[in-house]
Peer 1: 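One structure, pasted below without further comment.
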Amino acid sequence: MVNYGGDEVSALVIDIGTSSLRAGYAGDDTPKAIIPTYYGYLPTSGADVSMADGTEGTETSSNKTQPANTYIGQNGPSIWRPNMEIGNPLSDGLITNFDPIPPLIRHALEDVMRVDATEHPVLVTEPAWNTPENRERMAEIMFEEFNVPAFYIANTGVLNAFASGKGSALVVDIGQSMASVTPVVDGFVLRKGLAYSSIPRFVHNLSRSVLSMNSQYRLKADLWPHQLISSKMPVDVGHPPRYTLREERVAQTTESWKVWAENREIDEWLQSVGAVSDQGWNEQFLSRAAPKQYEFPTGYATTYGAERYQVSEHFFISNHNSPDQPKTLPGLITESLRACDPDLRQVLTSNIVLTGGGSLLTGLLDRLNIEMPRNFAHAKIHAPGNPIERRYGGWLGGSILASLGTFHQLWISKEEWQEHGKAIVGQRCK
Amino acid sequence: MAGVSLADIRSALSIPDSTEGAGPSQPKKQAQTTRKPEGISRELYSLIGPSQPFLAAQVAKPRLKQKPKFATGGTAATKWELRTVKNPARTDGLALKHWAKASEDPETESPFAKYNIQNPVYTYSQDEYSRFLDTSNRAATPKDANPDFEKQWTKDWTDYLFRLYNDYDGRWPVIWDRAEFPPEANFDLEDLKHRYYSVCRKLIRNRPWPGDEASKTALINSLQFDIEREKMRKRYVVSLESRTSEQMAEEDALYLEVRRLEQTERRFKRDREDLMRTLAGMDSGLPYIVEDNGGPLGILAESSSRGPTKKGRKNPALDGTDSPSTPSGPVSSTPTHKRPQNTKSAAYDAQHCIIRTELSSNTPATKAAHQPAYARSSKIPYLKNNSMQTKILQSFAEMGLSPSRLVMPTKENCAQLEGLLEAVTAMLETKKHLDKVDYDIQVLKKQLGMKTGEGDGDGEGSVKREETMDVDNPQDTETDGNEGRGQSVMSVRSVRSRKKSRAMSTSSVETAATSVSTRKRQKRG
């Protein structure tokens with residue numbers, strides 16, 4: 001037992017990201033509850049009945065704790081409701097609005113996992129650039145609102161390194177909104193070497209402009225989500241779509257819900273069509289690149305050739321025409337390594353951990369594998385082959401950490417919280 | 001035959017078994033009546049005996065995986081309890097619960113408590129700080145310290161550094177990352193380390209030490225830190241990293257080149273060794289010749305006795321060229337190896353008229369440089385220049401000598417003959433040049449005459465020109481560009497040398513014609 005180092009105290013692990021909130025038991029290999037971080041709400045405080053999780057019929061428990069007009073979970077934002085707005089508590093990877101956080105966590109723990117948080121120590125993750133105020137606020141929420149017996153907040157960079165079985169690593173994490181490069185040494189983040197940018201969001205916006213532009217090759221794609229389409233006819237590839245909208249719904253759709261739904265379509269397009277060429281930007285190669293067909297919810301189907309590569313190439317190449325482009329991945333890695341001690345660079349480059357759902361983009365790993373050794377000798381990239389591990393690497397690392405026998409002494413207990421106050425968080429979670 | 005045991009050998013040699021008196025350390029031998037394992041025929045078993053258990057395992061029939069033994073009635077299921085973990089590192093009342101076997105002692109501490117190790121913490125009082133540790137205090141700084149690396153520290157900063165060290169358990173990269181000193185301090189990671197270790201050393205040195213002196217010095221040594229060297233090392237690391245790809249490619253290419261040269265050298269050495277063994281060792285069968293002419297063999301013996309070279313992974317006995325020295329290295333080391341031997345046997349050599357040819361130290365150790373043994377009479381200096389052969393023979397005939405035969409080919413005679421040959425060759429060369437220049441002068445004179453007296457002999461001139469072309473062409477193909485320059489140089493001396501050559505008159509041969517003919521022959525051959 002000591003060899004394996006685990007000693008379960010049935011802790012819970014909560015990992016909050018821009019796209020989804022993951023929660024589960026420490027010691028598991030996948031989170032039990034994965035719910036979107038986006039939530040729907042009705043701005044008017046009407047007397048609507050909560051439909052938070054209609055399938056599970058947990059309306060009674062939901063009603064007690066969350067405002068009646070908040071819609072959370074798998075059936076939250078994705079179900080169209082008249083005048084429903086969509087919100088996200090995170091911006092740039094940081095929690096900026098703490099109001100929806102307790103309902104989100106409560107939904108994950110109580111409605112999906114059906115556990116009593118007062119019985120379990122809880123480990124929460126944070127991005128490396130989190131502010132001390134944020135982590136203290138999170139501790140406050142967990143202790144005061146959820147009455148957890150013990151709490152810990154750990155860095156996603158460190159946890160991703162742990163998930164790959166490394167104590168020291170250069171963690172390249174590509175999420176939905178942020179890409180970050182975090183040097184981790186002996187389980188500690190080197191804050192001076194931290195580099196992050198919103199390049200995934202930039203690529204996303206670029207995809208939107210590519211899709212919504214009429215070009216000589218194809219029509220612009222209408223990004224109506226299927227919730228707003230009442231019927232459609234099959235059409236040939238490249239032909240204008242024939243569909244009818246649910247006009248009565250369109251009239252009552254809010255702008256934020258429409259943006260959210262369109263973003264989902266764009267993400268889906270990027271995930272299924274987008275790719276990174278492994279040899280870099282090469283017009284000749286791209287003109288010969290195999291086109292890929294994609295059909296939108298409107299029924300409009302078309303093929304994409306060079307655009308597939310053009311968009312995601314911005315992960316690697318900075319475009320001089322767009323000065324507002326965030327730092328590219330190689331730029332982030334170089335910046336991070338330059339800020340590190342020369343002695344550590346060798347260790348870090350030979351332990352690059354690629355993680356995050358954004359890293360699953362076709363060809364991205366191959367491209368990094370080709371680009372890294374050019375600049376750094378002995379560069380070795382470790383990327384989990386299992387997409388679940390790649391997407392929920394932070395949660396997985398938390399699951400490993402919280403189930404370790406040596407971790408028992410690191411928990412911040414409720415007693416300590418009451419005795420020392422907020423300062424204990426900064427002291428304990430270094 | 002892997003399984004031949006001592007007992008088998010004993011039985012084969014019919015020696016009585018002596019295990020009874022072998023001693024207590026040996027395990028008691030198994031009972032002789034071991035059962036025949038399944039799957040082996042009786043005959044085979046009687047042949048191989050019980051010493052082949054692995055064979056039986058292979059031959060045995062494959063069996064299904066054994067069913068796990070469940071606690072069916074006989075033993076009850078192990079009882080597990082949800083218990084609170086006892087961890088001495090936790091001083092608060094947090095009750096973490098885990099499942100443990102009910103049979104275990106509930107009072108045992110967590111098995112992970114032993115991993116909670118604290119580093120020794122060094123603290124100092126205000127008095128100690130001002131007496132030993134204050135950097136503004138001259139007396140506190142050691143005399144031998146390099147002032148370049150001694151930065152000014154305040155007590156607050158030092159306190160802060162020690163706090164960080166304890167917080168991060170001495171992980172220096174993390175400490176340096178988290179440390180937030182005011183910008184005027186401008187500390188490197190090495191500065192922090194230097195300060196910490198020097199403070200610790202001073203504290204240990206200046207405090208009463210409870211243990212013995214050796215443990216004190218050991219502890220101080222474990223806290224040594226050479227800031228100068230560390231900074232230099234870091235500079236090296238940085239420069240190693242900042243190499244451009246071209247530089248790295250060049251380094252790789254150079255490395256490959258060295259390897260290639262080494263390999264060629266090794267192969268060549270092996271070839272030569274083979275050749276030496278054939279030529280000197282076996283064919284002649286004379287041991288002293290091996291000593292004498294087999295310089296390379298001596299090298300080989302020497303280099304192999306030099307033991308493993310820098311690259312220890314290669315077989316040093318095979319060749320001496322693996323050493324990083326240049327190819328001429330082993331050869332240049334030869335004289336040092338042979339000289340003592342020579343001085344010793346010099347008397348012997350003189351007595352027996354043995355003459356040793358010494359290889360010059362700068363001769364490359366190639367095949368061509370090697371001289372096997374020979375009879376002097378078989379190596380009378382001979383005409384090497386084929387083009388001059390006939391002329392040289394004629395000259396010798398004029399002198400009444402035979403260049404190919406010596407009545408008494410002693411060393412001196414051979415040398416004299418060689419000198420004579422060289423002199424004749426040189427003379428003939430000079431004469432050839434002279435004749436050619438004479439001829440040119442004649443031609444030019446004719447041309448001049450034609451130019452002055454235009455009407456004189458137009459037809460004659462053209463014929464002459466043709467003739468010159470005929471003669472010169474083959475030469476042109478050989479010497480081409482040098483021709484013109486050679487002529488002009490020669491023409492200066494031509495007047496003088498013409499008279500001389502007439503006076504010498506060693507040969508009446510028409511050299512110009514013969515030289516052309518020999519050249520033609522050469523080309524054909």
Side-chain angles (χ1 to χ4, degrees), chain A residues 1-3 5-11 119-121 149-151 167-168 183-194 337-349 373-377 402-420 424 427 430, chain B residues 82-101 104 109-117 163-164 166-180 188-190 192-193 230-231 233-245 248 251-252:
Chain A
M1 195 163 97
V2 176
N3 286 339
D7 192 359
E8 303 279 0
V9 290
S10 59
E119 291 173 355
H120 301 273
F151 168 84
S168 301
V184 176
V185 172
D186 284 347
F188 288 94
V189 171
L190 296 187
R191 290 184 190 149
K192 284 177 181 144
L194 173 68
L337 283 173
R338 193 170 295 141
C340 290
D341 193 67
D343 283 345
L344 293 173
R345 285 177 203 155
Q346 169 89 57
V347 178
L348 293 175
T349 47
R374 278 190 204 147
N375 301 322
F376 309 101
S403 65
L404 288 180
T406 42
F407 187 67
H408 291 177
Q409 65 187 76
L410 286 173
W411 291 108
I412 302 166
S413 70
K414 190 157 180 133
E415 191 183 328
E416 283 171 320
W417 168 258
Q418 282 159 350
E419 190 178 332
H420 301 281
I424 187 84
Q427 270 175 39
K430 290 166 192 165
Chain B
L82 191 63
R83 282 186 191 154
T84 48
V85 188
K86 287 199 169 43
N87 194 334
R90 287 219 77 93
T91 50
D92 57 346
L94 176 65
L96 295 167
K97 289 182 176 171
H98 69 160
W99 288 94
K101 275 184 182 167
E104 282 173 12
E109 284 182 350
S110 159
F112 300 99
K114 65 182 175 203
Y115 297 113
N116 186 23
I117 302 163
R163 224 170 28 245
L164 281 173
N166 293 331
D167 277 357
Y168 296 106
D169 287 337
R171 293 185 178 88
W172 284 109
V174 184
I175 292 169
W176 186 65
D177 181 67
R178 303 294 165 91
E180 279 164 1
D188 285 338
L189 173 57
E190 283 75 22
L192 301 186
K193 277 187 179 178
E230 285 294 307
K231 285 207 165 181
R233 188 185 63 82
K234 195 152 277 185
R235 276 202 301 280
Y236 280 141
V237 171
V238 171
S239 71
L240 204 65
E241 272 178 5
S242 55
R243 287 177 304 173
T244 62
S245 52
M248 281 204 257
E251 268 176 39
D252 285 353

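Order of the sequence lines fixes the chain letters, A, B, ..., with proteins taken first and strands second; residue numbering starts at 1 for each chain. Keep in mind that what you see is a predicted model, and the values were worked out from it rather than measured.
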Peer 1: Under 3.5 Å, side chain of A:Lys192 to main-chain N/O of B:Trp176, donor-acceptor pair present?
Peer 2: yes

Peer 1: More than 12 non-hydrogen atoms from neighbouring residues, nucleotides or ligands closer than 6.0 Å to CZ on A:Arg338, yes or no?
Peer 2: no

Peer 1: Just how far is it from atom CG of B:Leu94 to atom NE2 of A:His408, taken to the nearest 0.5 Å?
Peer 2: 9.5 Å

Peer 1: Measure the shortest side-chain to side-chain distance between A:Gln409 and B:Phe112 over non-hydrogen atoms and say whether it is less than 4.5 angstrom.
Peer 2: no

Peer 1: Only counting residues at least two apart or in another chain, list the ones meeting side-chain contact (heavy atoms from CB on, under 4.5 Å) with A:Gln346.
Peer 2: A:His378

Peer 1: Flag the one option from B:Leu82, B:Leu240, B:Asn116 with the top tally of heavy-atom pairs under 4.5 Å to chain A.
Peer 2: B:Asn116

Peer 1: Looking only at heavy atoms, what is the nearest atom pair of A:Gly193 and B:Asp177, with distance?
Peer 2: N-OD1, 4.3 Å

Peer 1: Which region of A:Leu404, side chain (C-beta onward) or backbone (N, CA, C, O), has a non-hydrogen atom less than 4.5 Å from a non-hydrogen atom of chain B, or is it both or neither?
Peer 2: neither

Peer 1: Do you know the tightest heavy-atom contact between B:Val85 and A:Asp7?
Peer 2: CG1-OD2, 4.4 Å

Peer 1: Rounded to the nearest 0.5 Å, what separation is found between the OG1 atom of A:Thr349 and the CD atom of B:Glu241?
Peer 2: 7.5 Å

Peer 1: Which residues satisfy the side-chain contact (heavy atoms from CB on, under 4.5 Å) test with A:Glu415, sequence neighbours excluded?
Peer 2: A:Ser413, B:Asp92

Peer 1: Is the backbone of A:Gly187 close enough, under 3.5 Å, to the side chain of B:Arg171 for a donor and an acceptor to pair up by distance?
Peer 2: no

Peer 1: Can you measure from NE2 (B:His98) to CD (A:Glu8) and round to the nearest 0.5 angstrom?
Peer 2: 11.0 Å

Peer 1: So do B:Val237 and A:Arg345 actually touch side chain to side chain, heavy atoms under 4.5 Å?
Peer 2: no

Peer 1: Could you give the distance from CG (B:Asn87) to CZ (A:Phe407), rounded to the nearest 0.5 Å?
Peer 2: 12.5 Å

Peer 1: Identify the heavy atoms of A:Leu344 and B:Pro173 that sit nearest to each other, and give their distance.
Peer 2: CD1-CB, 3.4 Å

Peer 1: Heavy atoms only: give me the nearest A:Val9-B:Leu96 pair and the separation to one decimal.
Peer 2: CG1-CB, 3.8 Å

Peer 1: How close do B:Arg90 and A:Trp411 get, counting heavy atoms only, and between which atoms?
Peer 2: NH2-O, 2.6 Å

Peer 1: Hey, is NZ on B:Lys97 packed in by over 12 heavy atoms from elsewhere, all under 6.0 Å?
Peer 2: no

